[in-house]
Amino acid sequence: MPELPEVETTRRGIEPLICNQQITGVVLRVPKLRWPLDPHLSELLVGQRVLAVSRRAKYLLIRLEQGSLLLHLGMSGSLRMVPLQTPAGKHDHVDIHFADGQSLRFNDPRRFGLLAFFQGTPDDHPLLTHLGPEPLATDFSGTFLFQRSRKRRLAVKPFIMDQRTVVGVGNIYASEALFRAGIRPDRAAGRISLTRYEELAWQIKEVLLAALEAGGTTVSDFRQADGRPGYFKQQLQVYGRDGLPCPVCGQGIVKVSLGQRSTFFCRHCQR
DNA sequence: ATAATCACCTGCTCGC
DNA sequence: TGCGAGCAGGTGATTA
């Protein structure tokens with residue numbers, strides 16, 4: 001999926017286009033994405049104005065005058081702004097029409113996404129209450145990772161991909177951050193020193209910021225709100241590069257499976 | 001409590 | 001050219 005840089009790129013793309021706009025209609029073309037879509041969504045949304053678009057973890061929050069829309073792109077989702085009459089293509093599951101004649105279109109081939117209306121404060125939504133810190137915030141640090149990992153035998157890669165540990169780090173950026181920090185992805189989380197966790201926390205921030213600057217990473221589906229792909233793929237150092245030389249030492253990058261997820265690393269540079 | 005596995009979907013690539 | 005197997009950016013639920 002879209003990991004944090006892709007979701008944030010999407011947020012920045014759509015916010016200026018829908019902020020202060022009034023919703024005039026909602027079109028649902030499938031009964032469910034990951035979970036059933038509320039068939040009354042239209043009645044709940046029409047007439048409301050968008051106050052802001054924010055992000056928590058990989059969730060987008062479209063804040064309305066009454067309540068909020070919670071949106072997750074899942075593995076393959078993307079959002080685009082299109083003129084109202086644009087014919088729906090394959091996997092264009094939801095349209096939200098606005099008074100200016102534009103429409104926010106949710107495309108999601110694998111339908112693992114989420115779109116739900118929530119009345120209360122979004123932070124109280126059950127899906128958001130157990131999330132860890134934002135990786136780019138100051139409360140996310142090596143000390144935090146170190147403390148949270150003591151006595152954990154879980155491999156460090158699934159540990160940092162657990163959204164209760166830290167949010168926003170998915171399969172691509174987990175491999176990239178561990179490479180940059182020189183840590184083997186299969187090392188037990190509880191057997192990594194504070195010093196090394198400080199480096200890892202720093203590299204997580206660095207790689208996410210660099211990807212954000214490039215508009216995210218497009219593997220196949222992801223698109224920015226204007227339809228352009230993300231350009232960070234060219235800067236990936238290990239993800240998807242098994243068999244190719246390590247950019248640092250030249251030894252071949254290896255691919256292994258860790259917690260059912262493909263994992264890429266350099267046996268020489270990562271210990 | 002923690003860790004591993006399964007499940008939700010479609011589409012694409014690979015090997016035969 | 002066709003077909004089944006395996007895999008893909010996420011994450012909640014279920015099982016040991």
Side-chain angles (χ1 to χ4, degrees), chain A residues 1-10 29-37 55-60 70-79 89-94 106-116 125-132 135 147-178 185-191 204 207-208 211-212 214-224 229-236 238-243 255-264:
Chain A
M1 121 129 189
E3 304 182 31
L4 184 145
E6 292 74 36
V7 178
E8 179 61 21
T9 295
T10 299
R29 299 191 184 84
V30 288
K32 62 180 289 250
L33 294 174
R34 180 167 189 189
W35 288 296
L37 288 162
R55 178 189 59 73
R56 171 74 175 110
K58 299 173 192 170
Y59 292 90
L60 286 172
L70 191 62
L71 193 153
H72 195 292
L73 298 172
M75 288 274 259
S76 58
S78 59
L79 293 176
K90 205 167 192 188
H91 309 306
D92 286 338
H93 303 311
V94 181
F106 190 177
N107 179 286
D108 183 10
R110 291 175 70 182
R111 290 196 241 144
F112 286 166
L114 161 84
L115 180 67
H125 193 283
L127 290 171
L128 305 186
T129 49
H130 300 296
L131 294 170
Q147 288 170 351
R148 291 295 293 259
S149 62
R150 291 310 88 185
K151 298 189 176 167
R152 298 290 300 274
R153 283 182 295 181
L154 181 68
V156 63
K157 178 165 173 272
F159 172 68
I160 58 170
M161 287 176 65
D162 186 332
Q163 303 297 297
R164 290 168 298 189
T165 305
V166 56
V167 303
V169 181
N171 204 35
I172 293 180
Y173 301 114
S175 276
E176 292 297 310
L178 287 164
D186 57 354
R187 178 172 286 275
R191 299 196 52 192
I204 287 172
V207 74
L208 293 178
L212 205 42
T217 301
T218 294
V219 174
S220 59
D221 297 304
F222 175 71
R223 296 283 134 166
Q224 304 189 46
Y231 299 103
F232 193 68
K233 193 174 181 196
Q234 299 145 260
Q235 294 177 62
L236 295 177
V238 290
Y239 183 86
R241 300 181 57 80
D242 46 315
K255 174 180 179 177
V256 298
S257 189
L258 213 53
Q260 329 292 104
R261 308 305 297 276
S262 57
T263 301
F264 303 85

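From a predicted model like this one, the values you see are computed outputs, not experimental measurements.
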Report task. Under 3.5 Å for both distances, Watson-Crick or G-U wobble, that's the pair rule; now give the dot-bracket for DNA chain B, with | marking pairs to another strand and [ ] for crossing ones. Result -> .|||||||.|||||||
I need the [atom1]-[atom2] distance between [X] and [N], as an integer number of Å.
| X | N | atom1 | atom2 | answer |
| --- | --- | --- | --- | --- |
| A:Leu114 | B:dC9 | CG | C1' | 15 Å |
| A:Phe159 | B:dA4 | CZ | C1' | 17 Å |
| A:Leu73 | C:dT11 | CG | P | 10 Å |
| A:Met75 | B:dC6 | CE | C1' | 14 Å |
| A:Leu258 | C:dA8 | CG | P | 12 Å |
| A:Arg56 | C:dG10 | CZ | P | 17 Å |
| A:Arg164 | C:dA13 | CZ | P | 11 Å |
| A:Asp108 | C:dG10 | CG | C1' | 11 Å |

**Report entry** Sidechain-backbone polar pair: A:Ser175 side chain, A:Tyr239 backbone, donor-acceptor under 3.5 Å
**Finding:**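 Between the backbone of A:Tyr239 and the side chain of A:Ser175 there is no qualifying donor-acceptor contact (under 3.5 Å).
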Looking for any heavy atom pair under 4.0 Å, which part of the strands does [X] touch: base, sugar-phosphate only, or nothing?
| X | result |
| --- | --- |
| A:Leu127 | sugar-phosphate |
| A:Tyr239 | sugar-phosphate |
| A:Tyr59 | sugar-phosphate |

Report task. Give me the one residue out of A:Thr218, A:Ile172, A:Val207 that meets side-chain contact (heavy atoms from CB on, under 4.5 Å) with A:Phe232. Result ->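 Between A:Phe232 and the candidates, side-chain contact (heavy atoms from CB on, under 4.5 Å) is satisfied uniquely by A:Val207.
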Look at the side chain of [X] and decide which nucleotide, out of [options], has an atom nearest to it.
| X | options | answer |
| --- | --- | --- |
| A:Arg261 | B:dC9, C:dT11, C:dA8 | C:dT11 |
| A:Glu3 | B:dC9, C:dT11, C:dG10 | C:dG10 |
| A:Arg110 | C:dC7, C:dG10, B:dC9 | B:dC9 |
| A:Ser262 | C:dA8, B:dC8, C:dG12 | C:dA8 |
| A:Trp35 | C:dG12, B:dC9, C:dG10 | C:dG12 |

Query raised in the report: Taking the P atom of each, how far is C:dA13 from B:dC9, in whole Å?
Result: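 It comes out at 15 Å once rounded to the nearest Å.
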Query raised in the report: Rounding to the closest angstrom, what is the interatomic distance between C:dT11 and B:dA1 at atom P?
Result: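 Taking atom P in both C:dT11 and B:dA1, they lie 23 Å apart.
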Query raised in the report: Does the side-chain contact (heavy atoms from CB on, under 4.5 Å) test come out yes or no for A:Lys157 and A:Arg261, once each step is laid out?
Result: CA-CA 10 Å; A:Lys157 178 165 173 272; A:Arg261 308 305 297 276; 4.0 Å; yes
Report task. Measure the distance between the ring centre of A:Phe112 and the centre of the six-membered base ring of C:dT11, then answer whether it is under 5.5 Å with planes under 30°. Result ->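 The ring of A:Phe112 is not stacked on C:dT11.
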When you measure from the side-chain N and O atoms of [X] to the phosphate of [N], is any distance below 4.0 Å, counting only OP1 and OP2?
| X | N | answer |
| --- | --- | --- |
| A:His130 | C:dT11 | no |
| A:His91 | B:dT10 | no |
| A:Lys58 | C:dT11 | yes |
| A:Arg111 | B:dT10 | yes |
| A:Lys90 | B:dG11 | yes |

Query raised in the report: Hey, are A:Asn107 and A:Lys90 close enough side-chain-wise for a donor-acceptor pair under 3.5 Å?
Result: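 Checked: A:Lys90/A:Asn107 side chains show no N/O donor-acceptor pair below 3.5 Å.
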Query raised in the report: So, A:Tyr173 versus A:Glu6: side-chain donor-acceptor pair below 3.5 Å or not?
Result: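 The answer is yes; a qualifying pair exists.
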Report task. Could you walk me through whether A:Glu176 and A:Val238 pass the side-chain contact (heavy atoms from CB on, under 4.5 Å) test, one step at a time? Result -> CA-CA 6 Å; A:Glu176 292 297 310; A:Val238 290; 3.3 Å; yes
Provide the closest heavy-atom pair for [X] versus [Y] in the form atom of the first, atom of the second, distance.
| X | Y | result |
| --- | --- | --- |
| A:Pro135 | A:Ile204 | CB-CG2, 4.1 Å |
| A:Lys58 | A:Leu4 | CG-N, 4.3 Å |
| A:Gly74 | A:Pro2 | O-CD, 3.5 Å |

Report task. List the steps, then state whether side-chain contact (heavy atoms from CB on, under 4.5 Å) holds for A:Val256 with A:Asp186. Result -> CA-CA 9 Å; A:Val256 298; A:Asp186 57 354; over 6 Å; no
Can you check nucleotides 1-3 of chain B for protein contacts, nitrogen or oxygen pairs under 3.5 Å, and list what you find?
residue : atom : partner  : partner atom : Å
B:dA3   : OP1  : A:Arg153 : N            : 2.8
B:dA3   : OP1  : A:Leu154 : N            : 3.1
B:dA3   : OP2  : A:Arg152 : NE           : 2.5
B:dA3   : OP2  : A:Arg152 : NH2          : 2.5

Requested in this report: Can you establish whether the number of heavy atoms outside A:Arg153 located under 6.0 Å from its atom CZ is more than 12?
Outcome: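 Atom CZ in A:Arg153 is not crowded, with 12 or fewer foreign heavy atoms closer than 6.0 Å.
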